[in-house]
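Right, one structure below, let's go through it.
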Amino acid sequence: MSGNRFNAWSNHGIGIGLRIPHYAHIFSRKPVVDWFEIISENFMVDGGRPLAVLDQILERYRVVQHGVSMYFGSVTAPDPEHLRRLKTLVRRTGTPWLSDHLCWGSVDGTYTHDLLPLPYTWEAVERTAERVRIVQDYLEIPVAVENVSSYAAFTASEMTEWEFLTEVVERADCGILLDVNNIYVSSVNHEFDPMEYVNAVPAQRVAQLHIAGHSRYEKYILDTHDHPVIDPVWQLYARAIQRCGPTPTLLEWDDRIPSFDEVHAEAKKAERYLLDYAAQAEEVTA
Amino acid sequence: MTAQPTSLSEIQRAMADAVLQPLTADDSMQATGARGERMEQVAASFIAPNMRLTAFERLEIYNRQYWFRVLDSFAEDFAALRTILGSHAFHRLSVAYLTTHPSRSFTLRNLGAHLVAWLIANPQFAGRRHALAVDAARMEWAFVEAFDNAEHPPLTSDQIAKLDASSRLALQPHVQLLALAYPADNLVLELHRRDERQAGEAGLNHDNAELPPARLPQFRRRSTWVAAHRVDNSVYYLRLRREEYLTLAAIRQGHALADALEAGFIGSPLPVSRRPSYVRQWFARWAELEWICAPPLESFITS
């Protein structure tokens with residue numbers, strides 16, 4: 001893997017999310033996994049089983065933290081207690097970079113626990129970039145922001161989502177966690193060409209990639225992380241790898257979770273695209 | 001006419017108001033908001049429709065997602081309370097509680113932090129089983145706290161042996177002291193086992209299954225004192241004598257040891273001559289379970 005400054009020049013390959021139903025398998029079988037992504041909030045506690053499990057995982061595996069409630073786009077200031085606990089966890093895991101979502105989800109101290117979309121306005125660009133900078137400075141590690149799936153668009157928006165993403169990361173000088181499944185879901189819900197999005201992303205800032213499955217309803221698609229990755233999403237992934245080079249990749253599977261082996265096998269399908277990239281690179285060199 | 005929110009803060013407050021508003025009985029977004037505004041107009045004031053979905057329908061997706069998520073999480077934390085009340089009454093209670101106390105924390109873990117106090121103040125949501133429901137809520141919230149609260153280095157047996165009347169101690173943060181109206185501890189544990197069994201055997205997602213209030217064994221009100229605590233990362237409940245409970249509660253409040261013991265024996269029928277042997281037994285047990293630790297440094301700082 002070729003790293004960049006947004007993932008601390010890491011050589012992380014293909015990882016999977018650390019999920020409770022897989023704990024017994026992981027501890028008894030000790031499978032070879034390049035790295036696990038953890039949901040930071042599940043481990044931002046003071047003691048007990050969550051931290052004991054995490055310490056056991058850290059003895060054998062590399063861990064990267066992914067958050068779900070930093071809400072970079074919220075207008076109210078970050079909760080100092082949240083930041084303090086997050087930094088404590090960062091020190092514990094030694095995560096080389098940390099990601100959270102380009103969204104909002106709390107206002108005036110009330111939390112929705114959802115990844116709510118932002119209006120793509122210049123005001124949102126400024127505020128979001130400022131908050132990313134504050135968090136990144138405080139945590140003292142690279143931060144990557146993830147594009148979310150969305151089901152609503154705002155009348156106030158002044159640019160496309162990919163233009164918004166680019167403006168935020170350039171101003172915050174941060175990385176991108178590019179979720180190609182989220183791009184696909186939003187492209188169906190908002191009727192845009194997902195390949196245009198992937199082609200527009202500043203590739204040099206992509207720290208990590210996410211792949212996942214979703215659920216299709218009559219009038220929209222929901223990002224449910226409960227199915228295998230579909231072909232159109234693999235195509236977006238292949239294009240992202242072409243543009244970004246081999247990049248740490250994580251399969252998300254959070255609901256109706258199948259066996260560890262099934263999840264791992266699905267994630268390992270990404271290897272094919274990484275090998276294709278390597279073969280093409282060799283051809284060019286030859 | 002609904003004013004159009006234009007700034008980021010106006011948009012976020014308008015959207016949060018809509019998302020946090022309870023759903024209708026058939027899990028749809030309500031047609032009118034809390035101030036009587038038409039939600040169709042509210043949604044259209046900041047959400048753009050597309051060819052397949054109106055602004056209202058797009059906003060409704062987030063309204064539904066919010067409630068499904070918090071109700072699922074709440075039901076998971078209070079499974080015994082749900083069984084005692086039945087799924088219908090529990091749903092009413094959950095929506096009312098979460099409307100009064102929406103999450104104020106970055107983590108869903110803290111969703112039930114105010115439930116006991118809220119349920120005491122709102123008995124109409126539990127009906128005839130109110131006192132038992134409060135006990136169940138106490139037990140289940142204690143589990144949340146005992147599960148992942150901190151564990152500090154305990155006092156050693158040697159340190160405990162050197163304590164004197166003026167010593168001030170602290171309890172491990174994971175130790176939760178409960179004063180119950182019923183001997184509800186065994187019932188709650190049995191309901192948890194039953195819930196897990198049903199989910200396992202029938203493949204039921206307990207959050208979605210319709211359950212009437214559970215048939216419960218006959219049992220009388222009897223004051224019961226319990227500690228929820230953690231050993232080897234598992235949570236256990238331990239019955240306490242009233243005197244032991246009161247002593248531990250006084251220690252937690254920061255009283256000096258002599259004062260804590262005095263508080264423990266107020267109104268006690270135990271003969272004075274037998275009290276020292278009880279105290280020795282308690283300390284032996286607390287030492288074994290590593291419940292006692294040093295108070296935090298800041299507690300020594302006086303203004």
Side-chain angles (χ1 to χ4, degrees), chain A residues 40-53 67-71 73-76 78-79 81-83 85-86 104-119 121 123-128 150-157 188-191 217-220 222, chain B residues 4-17 19-20 43-55 57-63 65-66 68-70 73 101-111 145-152 172-174 205 230 232-235:
Chain A
S40 300
E41 285 76 2
N42 292 347
F43 300 93
M44 285 159 60
V45 294
D46 292 323
R49 191 181 296 278
L51 294 181
V53 165
V68 293
S69 60
M70 184 50 72
Y71 299 141
S74 283
V75 285
T76 38
D79 172 9
E81 174 67 3
H82 184 181
L83 285 172
R85 285 180 177 271
L86 188 55
W104 71 281
S106 64
V107 67
D108 302 324
T110 296
Y111 286 72
T112 66
H113 300 283
D114 202 352
L115 308 172
L116 300 176
L118 283 158
T121 63
E123 184 198 2
V125 166
E126 291 287 349
R127 282 187 179 246
T128 308
S150 64
Y151 318 106
F154 293 91
T155 52
S157 286
V188 173
N189 292 338
H190 303 303
E191 296 152 334
Y217 294 87
E218 191 187 338
K219 293 182 176 177
Y220 57 92
L222 266 189
Chain B
Q4 182 172 13
T6 51
S7 71
L8 188 59
S9 59
E10 286 170 350
I11 289 171
Q12 292 188 356
R13 289 192 174 99
M15 188 161 178
D17 279 351
V19 164
L20 269 67
S45 70
F46 62 97
I47 301 280
N50 68 7
M51 299 293 282
R52 294 173 305 234
L53 293 165
T54 64
E57 287 169 327
R58 296 184 113 180
L59 188 54
E60 184 182 48
I61 294 172
Y62 289 102
N63 187 205
Q65 282 197 157
Y66 167 75
F68 294 165
R69 180 173 288 113
V70 293
S73 174
H101 291 288
S103 174
R104 303 283 293 174
S105 163
F106 63 87
T107 166
L108 283 165
R109 176 233 188 251
N110 297 331
L111 212 49
E145 294 275 60
F147 181 72
D148 60 15
N149 272 3
E151 181 171 7
H152 300 311
Q172 293 287 2
H174 65 80
N205 176 349
R230 194 169 73 233
D232 291 339
N233 297 318
S234 292
V235 174

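Letters A, B, ... are given to chains in the order of the sequence lines, protein chains preceding strands, and every chain is numbered from 1.
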In terms of heavy-atom pairs under 4.5 Å, which option from B/Thr6, B/Leu108, B/Asp232 contacts chain A the most?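 Top option by heavy-atom pairs under 4.5 Å: B/Leu108.
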If you count heavy-atom pairs within less than 4.5 Å of chain A, which of B/Ser9, B/Ala150, B/Ser105 leads?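 Maximum pair count with chain A is reached by B/Ser105.
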Beyond-backbone contact of B/Leu20 with A/Thr110, side-chain heavy atoms, under 4.5 angstrom: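 They are in side-chain contact.
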Less than 4.5 Å to any heavy atom of chain B: does that hold for the side chain of [X], its backbone, both, or neither?
| X | result |
| --- | --- |
| A/Asp108 | both |
| A/Asp114 | both |
| A/Tyr71 | neither |
| A/Leu51 | neither |
| A/Ser157 | neither |
| A/Thr121 | neither |
| A/Leu86 | neither |

Side-chain donor or acceptor of B/Gln12 paired with backbone N/O of A/Val75 under 3.5 Å: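 Yes: the side chain of B/Gln12 pairs with the backbone of A/Val75.
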Using atom types as modelled and distance alone, determine if a side-chain donor or acceptor of A/Glu41 lies under 3.5 Å from a backbone N or O of B/Thr107.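 No, the answer is negative, given that no donor and acceptor are paired below the 3.5 Å cut-off.
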Can we call the ring centroids of A/Tyr111 and B/Phe106 under 6.0 Å apart?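 No, too far apart.
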Can you say whether B/Leu8 sits under 4.5 Å from chain A via the side chain, the backbone, both, or neither, judging by heavy atoms?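 The answer is both parts of B/Leu8.
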